[in-house]
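To keep things clear, I will list the structure first and then write my remarks on it.
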Number of protein chains: 2
Amino acid sequence: MEKQDDDSMEQKIRDAAERLFLNKGFALTSTTEIAKAAGCNQALVHYYFRTKDRLFEAVFAEKVKLFVEEILNISSEPITFKEKVRRKIVSHYDLLLENPQMPFLIINELITNPERLNAMKTIVAPNIGMVFAQFERELKEEIRKGTIRPMSAFDFVVTMLSLNIMPFLGIPIMKSALHLDDAGVRDLLLKRREENIEIVLRNLGP
Amino acid sequence: MEKQDDDSMEQKIRDAAERLFLNKGFALTSTTEIAKAAGCNQALVHYYFRTKDRLFEAVFAEKVKLFVEEILNISSEPITFKEKVRRKIVSHYDLLLENPQMPFLIINELITNPERLNAMKTIVAPNIGMVFAQFERELKEEIRKGTIRPMSAFDFVVTMLSLNIMPFLGIPIMKSALHLDDAGVRDLLLKRREENIEIVLRNLGP
DNA sequence: ATTATCTATAGATCTATAGATAATGC
DNA sequence: ATTATCTATAGATCTATAGATAATGC
């Protein structure tokens, strides 16, 4: 997670900021609190990152990049379209399992400060349009062959993302409603991954 | 939306609070801002609601109730199981169309202050367990009859909620990525409702 | 010399309350 | 008399910066 186990104070501030931003969002996290968690005084946070805004961006640009690139990275191996889909669901879901609070953070920021993430998006994934167009061609070809039912590439992506992301947003509800601990949540989430594959493939099927 | 077009200052404060909380969440909305939007001074907000917390609860208890009751209200008309499912998707989705920012607000609060909504839940829907158990029996009977594939009631509900809720969380992204105005967004959301019905029914089918 | 770290503080909020005054209902 | 509304302010943040001191690299 950290850059090569760097134990400099700058890195400690980054790590503390990442953890706190993920847990409470940008607005509810103060630089005072970050400093305390990192083990320094509050002025030092500003010494390294100037403003709370820049700190946020420094911490999250790479994390957002991770997600965008994962989604855009489409395998070119000689496997069937459905197998590609299955692998994509799994790899996206597994990235979420490693960063279960990212959906919350991104949604939170999208609403309270859309410009920030929009700016990130264009820097982080300038080729998003091309990748999508390529996927769209592939999907159309499958539809033409009759191996999958007619549907738009947009709808397909929305379906997959909805099913994969939503369970992570629901973690607090599941915990409370089903009286689960962290291990129980993980169990449930892992089972849900298989369910998502089943649903998406059934949805494709002609 | 308001209680019978009440134009009292108390109601104006409620309305302003609702709008602001929905747009920016609890943490980023100040009572000063609410007062300004309602057209009074900030002390009056506290005169009527004592604390910002109580104001939030006063405004949202009923709105959360609306959603919980919609979900729990299962038709007992003599129609097929699949028709019931279709209607449930539509009525839930339509409630979301009328309150498109609710998913954001609920998720935001669940993470930053889970106790609040948990407390609301038990007040607002004490019979949630019974309703779920009833639905579970109905689903099992259909599976036994072979009209739908084996799946847990929990997975079924997660699927439906994921597909219905996520598009509303994605509104800011869709707006920016597809350069849509409000009417365009509404169009897309309405089309998506039909897609959700298709997906959920395909997922049921044996 | 330069970089890292600290103390102290200005200036801007924000919530909640006290206490004064205006409006309303008997 | 009671209720609604206002002004003013205490007290608690919080961000950002200035300026002092300690640690480090030539």
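Salt-bridge check for A:Asp182 with A:Lys175: passed, with a basic side-chain N closer than 4.0 Å to an acidic carboxylate O. With salt bridges taken as basic N to acidic carboxylate O contacts below 4.0 Å, one links B:Lys24 and B:Glu33.
Distance A:Ile34 CD1 to C:dT5 C1': 17 Å, rounded to the nearest Å. Residue A:Glu10 contributes atom CD, which lies 12 Å from atom C1' of C:dT3 at whole-angstrom precision. Summarising the geometry, the separation between CD on A:Gln11 and P on C:dA4 is reported as 14 Å, rounded to the nearest angstrom. Computed from coordinates, the A:Met9 CE to D:dA22 P distance equals 17 Å when rounded to whole Å. Between the CG atom of A:Leu44 and the C1' atom of C:dA8 there is a distance of 16 Å, rounded to whole Å. Taking atom CD1 of residue B:Ile13 and atom P of nucleotide D:dA4, one finds them 11 Å apart after rounding to whole Å.
B:Phe60 places none of its side-chain heavy atoms less than 4.5 Å from the side chain of B:Lys65. Between B:Val200 and B:Phe156 the shortest side-chain heavy-atom distance falls below 4.5 Å. The side-chain heavy atoms of A:Ile34 and A:Gln42, taken from C-beta on, include no pair separated by under 4.5 Å. B:Leu188 is listed as a side-chain neighbour of A:Phe154, based on a closest heavy-atom distance under 4.5 Å.
Counting only distance, with no hydrogens or angles, the side chain of B:Tyr93 and the backbone of B:Leu189 share a donor-acceptor pair below 3.5 Å.
Residues from residues 47-56 of chain B with heavy atoms under 4.0 angstrom of DNA chain D, sorted by number: B:Tyr47, B:Tyr48.
Within the 4.0 angstrom heavy-atom criterion, base atoms lie near A:Gln42. Counting non-hydrogen atoms under 4.0 angstrom, A:Ser30 reaches the backbone sugars and phosphates but no base.
Using a 4.0 Å cut-off, some side-chain N or O of B:His46 falls inside it from OP1 or OP2 of C:dA16. Phosphate proximity of D:dC6 to B:Asn41: present, with a side-chain N or O under 4.0 Å from OP1 or OP2.
For B:Arg202, the CZ atom is densely surrounded, since the number of other residues' heavy atoms within 6.0 Å is greater than 12. For NZ of A:Lys36, the number of neighbouring non-hydrogen atoms (other residues, nucleotides, ligands) closer than 6.0 Å is 12 at most.
Base-pairing analysis of DNA chain C finds the following stems of at least three consecutive Watson-Crick or G-U pairs, with both pairing distances under 3.5 Å: C:1-24 with D:1-24.
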